[in-house]
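In what follows, a structure is listed as C-alpha cells, so that the remarks can point back to it.
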Amino acid sequence: MSVTIKDIARESGVSYSTVSKALNNSPLVKPETKKKVLETASMLGYTPNFAAKNLVSKKSRTIGLVWPAIDRIALTALVSKINELVTAENYFMILSVDEADKAIGMFKGFQVDGVMIFEEGRETMLHSDVFSSIPILSYGVSGDHVYPIIDVNHKKAIHLAVSHLIELGHTSLSYIGDATPGDKRQTEKLNGFYEAMENAGLTVHENSIGNTKGLSWYDGYLAAKELLKTSKPTALISGSYDISVGVLRAAKELKIRIPEDLSVISYDNIPQMASLETELTSVGVPIEQLAEKMVTSLLSLIEHPDSINLTQLMEPKLALRKSTKSLQKHL
DNA sequence: AGAGATATCCGAGCCAGATA
DNA sequence: TATCTGGCTCGGATATCTCT
C-alpha cells in the first residue's frame with residue numbers, strides 16, 4: 001500500500017487536513033507543525049496521488065502528444081524542446097505513437113488537459129466530437145481545419161534557401177525531397193522551389209528534382225545517389241534533416257566534396273545540423289521558437305478554451321553554417 | 001491563528017430492489 | 001430467473017467551514 005496523507009497525519013499526530021495544508025505550504029499552519037509534517041512525509045516516502053489531485057482540481061496538468069513518426073530526428077528535437085518547456089510550466093507530458101483518434105481516446109481516459117498532434121503529411125481526420133471535448137493543437141499544414149494549427153511557411157523557407165544560393169552565384173540548383181502527392185508539407189517545399197526558381201528566371205530541369213518517395217535517411221541516400229550521378233548541380237536543397245543525412249552519405253561515396261564541389265542547404269532549422277559530418281546551413285523555423293509557440297498556444301487554449309486562433313503561420317529563418325560556398329571565389 | 005471536521009471531486013464496483 | 005436501475009461506498013486530496 002502506498003503512503004497517503006492519512007498515514008502522515010497518524011504518524012505526525014495531526015489531522016489529514018492539516019497535513020494537506022502543510023504539504024501545500026499554507027500560511028494557516030504553524031512553521032513547527034509544517035516542519036514536522038514534511039519530515040514525516042519524507043521519512044515515510046510519501047508521493048502525491050495524482051489521480052486524487054486531479055479529482056479535486058478537475059485538472060491533470062498533463063498534456064498528451066500524438067507523435068506517429070518517432071524515427072524523424074527533426075521531430076525528436078522538437079518533442080524534446082516541447083517537453084522541456086511543458087515541464088517548466090509544471091505540466092507533465094505523455095506520448096502516444098498511435099493514430100490520432102486512438103491516441104486522443106486514450107488521452108481522454110487519462111484526463112489530460114490538452115492534446116498536441118504532429119500531423120505527418122496527410123490531414124488527420126478527427127471526428128468533431130473529439131476536438132470539441134478537449135483542447136487540441138496541431139503542428140500541421142493549414143487547411144479546412146476546425147481546430148487550431150501551428151503551421152510553417154514552408155514555401156518561404158525554400159525561397160530563402162534559393163535566394164541565398166543565387167546570391168552565392170549558383171544557377172544550377174537541384175531539390176531533393178519527398179514529392180509524393182498528398183503530403184502537403186513536403187509538396188509545399190517542392191512548390192516553393194519551383195516558385196523561387198521561376199521568380200529568379202532560372203530553369204528547373206526534370207532531372208534536377210530528386211524524389212525520395214519517403215522521409216528516411218535511406219530514401220534520401222538512394223535518391224541523392226541517383227540525382228548526383230545523372231545531374232551535376234552546383235547546389236542542392238534538401239527537404240529535411242534525415243534526407244540530408246542520406247545526401248551527405250551519397251556525396252561521400254561519389255567523392256563529391258561539400259561545399260567545394262556542391263553547396264547544400266537543408267530544411268529543418270535544428271541544432272543537430274551543426275553535429276553532422278559537414279555542418280549544414282539550414283532553413284526553417286528555429287526549433288526553440290516553434291516549441292515555444294506550440295506550448296504557449298496549447299496552454300492558453302487550455303486556460304481560455306474560447307480563445308481559438310485557428311491558424312498561426314511561423315516564419316522561417318536561414319541559419320548559416322559551413323555547407324555553402326560562393327561560386328565567384330572559385331572563378 | 002491554528003487546528004480539526006466536512007463536503008466535494010469522478011468513476012468503478014457492489015448490492016438491493018424493481019421489472020420483464 | 002435474468003436483466004436493469006438506482007443508491008451507496010470507496011479511493012486520496014483540496015477547499016472551506018467551524019471550533020478552540
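Labels below follow one simple rule: chain letters A, B, ... track the order of the sequence lines, proteins then strands, and each chain is numbered from 1. The analysis underlying the following values was restricted to heavy atoms, covering all of them including side chains, and did not include hydrogens, waters or symmetry mates.
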**Report entry** Backbone of V14(A) reached by a side-chain donor or acceptor of T18(A) within 3.5 Å
**Finding:** no

Please table the atom pairs, donor to acceptor, closer than 3.5 Å between any side-chain atom in residues 215-223 of chain A and protein atoms at least two apart or in another chain.
residue : atom : partner : partner atom : Å
S216(A) : OG   : Y218(A) : N            : 3.4
S216(A) : OG   : D219(A) : N            : 3.1
S216(A) : OG   : D219(A) : OD2          : 2.9
D219(A) : OD2  : L215(A) : N            : 3.1
D219(A) : OD2  : S216(A) : N            : 3.0
Y221(A) : OH   : K225(A) : NZ           : 3.2
Y221(A) : OH   : E253(A) : OE1          : 2.7
Y221(A) : OH   : E253(A) : OE2          : 3.1

**Report entry** Integer-rounded Å distance: dG12(C) P and R10(A) CZ
**Finding:** 11 Å

**Report entry** Sorted by number, the residues of residues 47-63 of chain A with heavy-atom contact under 4.0 Å to DNA chain B
**Finding:** L55(A), V56(A), K58(A)

Report task. For residues M116(A) and I63(A), determine if any side-chain heavy atom of one lies less than 4.5 Å from a side-chain heavy atom of the other. Result -> yes

Report task. Working to the nearest 0.5 Å, report the span between NZ of K232(A) and OG1 of T230(A). Result -> 8.5 Å

Query - E279(A) and R321(A) ion-paired at < 4.0 Å - result: no

Query raised in the report: Just how large is the angle between the end axes of the helix from dA1(B)-dT20(C) to dA20(B)-dT1(C), five pairs per end, to 10 degrees?
Result: 40°

Query raised in the report: Is there a side-chain contact between V162(A) and L173(A), using heavy atoms and a 4.5 Å cut-off?
Result: yes

Query raised in the report: Is it true that a side-chain atom of H170(A) and a backbone atom of L168(A) form a donor plus acceptor pair closer than 3.5 Å?
Result: no

Query raised in the report: Is L313(A) close to V152(A) at the side-chain level, that is, under 4.5 Å between some pair of heavy atoms?
Result: no

**Report entry** N/O donor-acceptor pair under 3.5 Å between T33(A) side chain and V29(A) backbone
**Finding:** no

**Report entry** Residue-level proximity of residues 11-29 of chain A to DNA chain C when a heavy atom falls under 4.0 Å
**Finding:** Y16(A), S17(A), S20(A), K21(A), N24(A)

Requested in this report: Specify the residues of residues 30-41 of chain A, ordered by number, for which at least one heavy atom lies under 4.0 angstrom from an atom of DNA chain B.
Outcome: K30(A), T33(A)

Query - Qualifying residues under salt bridge (charged side-chain N to carboxylate O under 4.0 Å, His left out), relative to E84(A), sequence neighbours excluded - result: K81(A)

Query raised in the report: Over how many whole Å does the gap from F110(A) atom CZ to dC10(B) atom C1' extend?
Result: 16 Å

Query - Under-4.0 Å salt bridge between E32(A) and K36(A) - result: no

Requested in this report: Check whether Y91(A) and L95(A) end up in the same hydrophobic cluster, where Ile, Leu, Val, Met, Phe, Trp and Tyr are linked by side-chain heavy atoms less than 4.5 Å apart.
Outcome: yes

Query raised in the report: Is it the case that R185(A) places NZ or CZ above or below the six-membered ring of Y139(A), under 6.0 angstrom from the centre and within 45 degrees of the axis?
Result: yes

